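Inspection log for the structure reproduced underneath, given as structure tokens.
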Amino acid sequence: MERAVRRRSAKSAREAREPHDRLGLAHRPRTANTVSGGVSGNIVQASSIGSLNFYGSPHGPGRTPRDPDQPLPHDGLYIRRNNAFGTRSVLGVKDLIEQGVIVGQDQIRFDDFVVARTDQVPGPRPGEAVAVSHGLAAVPGTFKANEATTHFVEVTLKAGDTPPADVPATEPLPVNFVFVVDISSSMTGEKLATVKSALHALYAELRPMDCLGIIAFNHTVSTVLPAVAKKDLTIDHFAQAVAGMTATGATDINLGVQYGIDEISRHSRSGRTVNCLYLFSDGDPTSGERDWLTIRTNLAAKLRGDLTLSCFGFGSDARMPELAALAGLAGGHSTFVTRPEQVTADLHGDLSRRDHLAAIDIQLRLDIDPEVEIRHLYGHDLVSDPRARAAVLRDAVRAAQRAREDYGTEALPDLITEEKGIRIFAPDLAYEETYWVVLEVRVPPGRDLSGLGTATVQYVDTAARESRRLEIDLAGSPTLSEETVAVHAIGLWTSEVTFYALDDLYDRDKEAAKNRLERHLHALEAAHHHLPAEEFRDDQVTLRKFITLTGTLGTMVAFSDASAGGGFVHTVKTMNDFGRVRSGFVPHY
């Protein structure tokens, strides 16, 4: 009862300060999200994205949310969310809803709404790893995140499906993994067994120079396995360390993660190791520091720019919104675990991606005409905190160093250190991935689109082993069709709405989720009327079924036709790794 009251009070306080856009989309402030955006590791200071306000200051309360009625600045450093990882879940939300599965009872893949039409994005030329495309689409109706928007603008980078056969391989950087495992009493049974199984599977995949360490915490903290290279760690020693973890006591997340950050420094080498910290937990902190905002503040003060923090949540009480915000501090991802194989698959994806980079040190600068308002930028966060900015710039230095040492290529002068234009840093892109930047802009009535603005895109092509720089006239000679641009933009918006509807359900507010989804249905209907794309039609059906399933939450489910008997209550159990998808950064298939 005390916990329920605390959540209701927190929600009431939050609703009092939430901004709303024209469609009534309230967006909850959180702490920084992949500012490395999701990156190979940056402390991220996110404040707002267009009309969507996602994150608050990691320094504590008191920061005034950005007025959603005001446009974004034309000059500023942005970082995409979740730069480091682009894997996608096995099951999709459409698959589950079509089968009548209650939302949250299994993994939900939200890139159903965004991954469409990557086949219509041009791929790289022979001998190159990446292709850059752009497009522009008018938005005459109401199907947009911000009421003032008149056009969608898109810039897309698409990597090839496989590295060219004649490209010499590079030795991947060794990984430095530290796992922070919640061993409080609520982790008893399958939850802790899943963690142990995943650790064994990962151990088998590590290379001799890769490092692995384990921190366990409940109301106290313990170094179960000091970080050590696999070549110096026998399987028997590793198995004994893992088997020794037993569940008991309360939960001090603050202490556990801070210990993990300390431990990862044992083998961290700037620019020469891939440093990943993983938190496994199933609920709210119940011991030590219990305020999430303070916890994020404490961790932000210790995190460095070369470390990613990712979170795995277990059980229906796992506070996935808070874990997602925690992961955002250092560019990791958050995953709600409903099947043991999810953890193994995610860790394997994090491990294998290092071997398949198509481009590194990706930097963009968008110079939009001052008369054109920038109303919304999907999937990217404005870096306003000096420490976060410094972390991003350090990442750029490391990327340039890696280009020189691993690919024999000198990176071009940084774009992100300039003071003009929207600057975006996305350290790397793997093969089979597509990354797009989509803006909503308002062009003044009667103004010609010529002179809308330019995009400068530069990166190190790992196949050509050369630095590339392209200058693009955003209004001239588009390589993406208007329809493709619109589908990408509205798909990203649909994903954001769906995410926040699940957030409503986490707060046990079915009415808010229903209203949010119904409002977006009207927008999709308007989009389909203007542009009869099958994606808009299908997404309407999916959201209608989502609303239907939402109405069953809290009702009893019986397993026979007997008039009496046991059952269970439908609950929401998934927030998963949607953060990775809503960044507009997914693999293509």
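As the structure is a computational prediction, the values presented were derived from the model and not from experiment.
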Could you tell me whether the side chain of [X] and the main chain of [Y] form a donor-acceptor pair under 3.5 Å?
| X | Y | result |
| --- | --- | --- |
| Thr434 | Lys158 | no |
| His74 | Asp369 | yes |
| Gln363 | Ile416 | yes |
| Asp75 | Gly421 | yes |
| Thr462 | Leu357 | yes |
| Gln458 | Pro413 | yes |
| Thr409 | Ser467 | no |
| Glu263 | Ala227 | yes |
| Asp210 | Val175 | yes |
| Ser133 | Val121 | no |

Closest heavy-atom contact between [X] and [Y]?
| X | Y | result |
| --- | --- | --- |
| Ala159 | Ala358 | CB-CB, 3.7 Å |
| Val443 | Leu449 | CG2-CD2, 3.9 Å |
| Lys144 | Trp493 | O-CH2, 2.9 Å |
| Ala486 | Ala137 | N-CB, 4.4 Å |

Presence of salt bridge, Lys420 and Glu418, under 4.0 angstrom: no
Arg389/Glu419 salt bridge by N-O under 4.0 Å criterion: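 Looking at Arg389 together with Glu419, the answer is yes, because their closest N to O distance falls below 4.0 Å.
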Full working for side-chain contact (heavy atoms from CB on, under 4.5 Å) between Val153 and Leu452: CA-CA 10 Å; Val153 180; Leu452 170 66; 4.2 Å; yes
More than 12 heavy atoms from other groups under 6.0 Å of CZ on Arg125: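 At most 12 heavy atoms, drawn from other residues, nucleotides or ligands, come within 6.0 Å of this atom.
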Member of Arg375, His376, Glu440 meeting the side chain to side chain donor-acceptor pair (under 3.5 Å) criterion with Asn146: Arg375
Chi angles and distances behind the side-chain contact (heavy atoms from CB on, under 4.5 Å) call for Ile422, Leu439: CA-CA 11 Å; Ile422 292 178; Leu439 299 86; 4.1 Å; yes
Intermediate values then yes/no, side-chain contact (heavy atoms from CB on, under 4.5 Å), Leu531 and Phe143: CA-CA 11 Å; Leu531 177 64; Phe143 43 94; over 6 Å; no
Plane angle bin for Trp436 and His488 - parallel if under 30°, tilted between 30 and 60°, otherwise perpendicular: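 His488 vs Trp436 ring planes: parallel.
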